[in-house]
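All ligand and atom numbering here is 1-based and tracks the order in the structure.
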Amino acid sequence: VRILILGADGYIGYPLSQRLVALGHEVWGVDNGLRRRCVEAVGGHSGVPIIPFVDRGREIGAEFVEVDLQASTVIPGIFHDFEPESVVNLAQVPSAPYSMISQDRCNETQINNLLTTNNLLWTLRDWDKVVPVVTLGTMGEYLCTPEGMPIPEGWGDMTFRGITARVPFPRMGGSFYHQSKIAASKNIEFACKIWPHLRYTDINQGVVYGTLTDDMGGDPARRTRFDYEGVFGTVINRYVAQAICGLPMSPFGAGHQKRGFIALRDSIQALVLALMQPPPEEQSYRIINQWDEVYEITELAGRVIKKAKEIGLSPTVENIPNPRVELEVHPYHPDHDELLKLGFKATHTLDQELEVMLKDLIQFKTRIKEREAAVAPLVSWTIK
Ligand SMILES: NC(=O)c1ccc[n+]([C@@H]2O[C@H](COP(=O)([O-])OP(=O)(O)OC[C@H]3O[C@@H](n4cnc5c(N)ncnc54)[C@H](O)[C@@H]3O)[C@@H](O)[C@H]2O)c1
């Protein structure tokens, strides 16, 4: 199958490209290096060395093209040249803190995330074949209540003034990044309603962690990026880097925030399952919640401590004032039945994956320490 990956240079995009090539698909990847530039701009770098984008394509037997998907003519051109039979859209600025740095970073995030989404939607409207798309949203799009209202996959029954109807579950983001993902999801849902030949799987993904997949083998050219600074580093990746640098792990505030997590290798597994099993013809738009296990962020720090000690590190934890505006204590009950129905089975437990990560990353300790000043999560939601 000819598969187009938008955002192929990213943390998820490169290992996904490798998996799809290994499965025998013809892969075209597109990226404009935005992630690399954004991470540099906030004082970070990939803790694992990575090779240039176009070389990555050659390395794995895919065609990688450097181009900006914000330009409205780009995606139609790629469709014309490659005639993809499936598309994965990962091309977003994916950081909540980045979107909260300043007005300009907020605008950059929202404009980019909506333009890349809309440009694909309009290309598909005019394309005369059905091309299933897997697109990435986030679990952070859903409303998280102090009461712990269960979170369905997209829709739920609501009773109001005695009338019950199936309606979209409320979406309420925790940052301008999350708001951009909600807007993108809403545009996709609307487009699928008015252009029913569209066939979208919108994946609300939990927080991804890890460094390795089996396809990378021991080949340095196949390594994906590893971000650990306070803006693009996600919580487990940052904790592990903090443990390696000898910095305290830093849960926010009370530290009882709960989130769904998934290891990188299992995120790739889940994306391939969704790609290979598109929704049926009568279902233009479906939503899948993609997470494996739910953890509280303080409990996660405890898990990292245990595993880090096993390799001779002396990790510590120090809760810091919460830079975000969010609930710090709340129940969390999201569904993920659709993912399980597709045949998803986690391959590694959290402890197993932490062990893999720590043993892997310790070899890059000097490189990780080079940018340790950027690890502190300093972007405040409220203060300049
Ligand atoms: N990593 C996570 O924990 C996580 C969790 C939930 C959801 N997601 C979602 O998964 C998707 C991929 O995440 P990731 O962690 O791999 O992010 P990433 O930033 O590593 O990958 C996105 C890639 O898209 C590229 N890109 C962005 N805008 C572009 C444009 N205009 N033109 C061309 N390329 C462009 C970037 O350069 C980057 O390489 C995103 O949609 C993100 O919101 C990620």
Side-chain angles (χ1 to χ4, degrees), residues 4-17 28-42 44 46 48 50 52-54 56 64-72 74-75 78 88-99 108-120 133-142 173-185 188 202-211 213 224-228 231-238 259-264 266-268 270-271 274 288-292 334:
L4 173 64
I5 302 186
L6 309 178
D9 192 40
Y11 175 55
I12 294 169
Y14 188 37
L16 178 63
S17 305
W28 268 36
V30 179
D31 209 292
N32 68 344
L34 185 59
R35 170 66 172 245
R36 296 186 188 225
R37 287 192 296 281
C38 291
V39 171
E40 282 290 335
V42 297
S46 170
V48 171
I50 52 173
F53 173 56
V54 175
R56 282 178 150 185
F64 278 5
V65 184
E66 201 157 346
V67 65
D68 186 352
L69 296 163
Q70 286 191 28
S72 56
V74 164
I75 301 180
I78 297 168
V88 183
N89 187 9
L90 307 161
Q92 303 269 283
V93 178
S95 163
Y98 189 82
S99 73
E108 186 186 351
T109 303
Q110 296 210 333
I111 290 168
N112 185 71
N113 293 357
L114 276 181
L115 283 190
T116 54
T117 302
N118 291 355
N119 286 341
L120 178 58
V133 177
V134 170
T135 192
L136 265 288
T138 143
M139 289 299 292
E141 292 180 37
Y142 290 119
S175 71
F176 285 118
Y177 155 67
H178 291 105
Q179 294 297 111
S180 78
K181 302 295 275 185
I182 291 171
S185 289
I188 294 166
D202 192 357
I203 295 195
N204 288 323
Q205 183 168 241
V207 187
V208 183
Y209 66 98
T211 53
T213 65
T224 193
R225 55 179 312 111
F226 173 72
D227 293 303
Y228 57 98
V231 176
F232 284 89
T234 50
V235 57
I236 299 182
N237 290 358
R238 212 173 54 239
R259 300 285 183 269
F261 292 87
I262 187 163
L264 177 63
D266 287 329
S267 164
I268 304 300
L271 291 173
I288 293 176
N289 292 350
Q290 181 168 300
W291 55 271
D292 174 29

Next item on the list: May I ask you to check whether N119 and Q70 show a side-chain donor-acceptor distance below 3.5 Å?
Entry: no
Note to self: We want to know whether T116 and Q92 form a side-chain donor-acceptor pair, criterion being a heavy-atom distance below 3.5 angstrom.
What the structure shows: yes
Any chance you could measure [X], atom [atom1], to [Y], atom [atom2], to the nearest 0.5 Å?
X    : Y    : atom1 : atom2 : value
T138 : R259 : OG1   : CZ    : 9.0 Å
N237 : Y228 : CG    : OH    : 12.0 Å
I182 : N204 : CD1   : CG    : 9.5 Å
L120 : I78  : CG    : CD1   : 10.0 Å
I288 : I203 : CD1   : CD1   : 5.0 Å

Note to self: Going by salt bridge (charged side-chain N to carboxylate O under 4.0 Å, His left out), name the residues that satisfy it together with R35, two or more places apart in sequence or in a different chain.
What the structure shows: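 For R35, the residues satisfying salt bridge (charged side-chain N to carboxylate O under 4.0 Å, His left out) (neighbours in sequence not counted) are D227.
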Next item on the list: Tell me, please, which residues at least two apart from D9 pass salt bridge (charged side-chain N to carboxylate O under 4.0 Å, His left out).
Entry: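 Only R36, R56 meet the salt bridge (charged side-chain N to carboxylate O under 4.0 Å, His left out) criterion with D9.
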Margin query: Counting only heavy atoms, tell me which of L6, L271, I12, D31 gets closest to atom 39 (O) of ligand 1.
Written below: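 Checking each option, the heavy atom nearest atom 39 (O) of ligand 1 is found in D31.
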Note to self: Yes or no: does Y177 have any heavy atom under 4.0 Å from an atom of ligand 1?
What the structure shows: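 Contact present.
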Notebook entry, point to check: Can K181 be said to touch ligand 1, with heavy atoms closer than 4.0 Å?
Noted result: yes
By number and element, which atoms of ligand 1 are closer than 4.0 Å to a non-hydrogen atom of [X]?
X    : value
V67  : 32 (N), 33 (C)
L90  : 11 (C), 12 (C), 22 (C), 24 (O), 40 (C), 41 (O)
D68  : 30 (C), 31 (N), 32 (N)
L34  : 27 (C), 28 (N), 37 (O)
G206 : 5 (C), 6 (C)
G10  : 18 (P), 20 (O), 21 (O), 39 (O)
L136 : 9 (C), 10 (O), 11 (C), 41 (O)
G137 : 7 (C)

Please list the nearest protein heavy atom to [atom] with its residue and the distance rounded to 0.1 Å.
atom                    : result
atom 29 (C) of ligand 1 : N32 OD1, 3.5 Å
atom 19 (O) of ligand 1 : R35 NH1, 2.9 Å
atom 32 (N) of ligand 1 : L69 N, 2.9 Å
atom 42 (C) of ligand 1 : P94 CB, 3.6 Å
atom 3 (O) of ligand 1  : V208 N, 2.9 Å
atom 20 (O) of ligand 1 : Y11 N, 2.8 Å
atom 28 (N) of ligand 1 : N112 ND2, 3.0 Å
atom 4 (C) of ligand 1  : Q205 NE2, 3.6 Å

Checklist line | Residue F53 excluded, over 12 heavy atoms near CZ under 6.0 Å | finding: yes
Margin query: Using a 3.5 Å cut-off on N or O atoms only, is V30 in polar contact with ligand 1?
Written below: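 In this structure, V30 places no N or O atom under 3.5 Å from an N or O of ligand 1.
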Next item on the list: Using distance alone, decide if ligand 1 has a nitrogen or oxygen within less than 3.5 Å of any nitrogen or oxygen in T116.
Entry: no
Next item on the list: State, yes or no, whether a side-chain contact exists between D31 and F64 at a heavy-atom distance under 4.5 Å.
Entry: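 In short, these two side chains do not touch, never coming nearer than 4.5 Å.
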Item checked: Flag side-chain contact, heavy atom, 4.5 Å: Y177 against S95 ->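 No, too far: nothing below the 4.5 Å cut-off.
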Checklist line | Under 3.5 Å: donor-acceptor pair, side chain of K181, backbone of L136 | finding: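 Yes, K181 side chain to L136 backbone: donor-acceptor pair under 3.5 Å.
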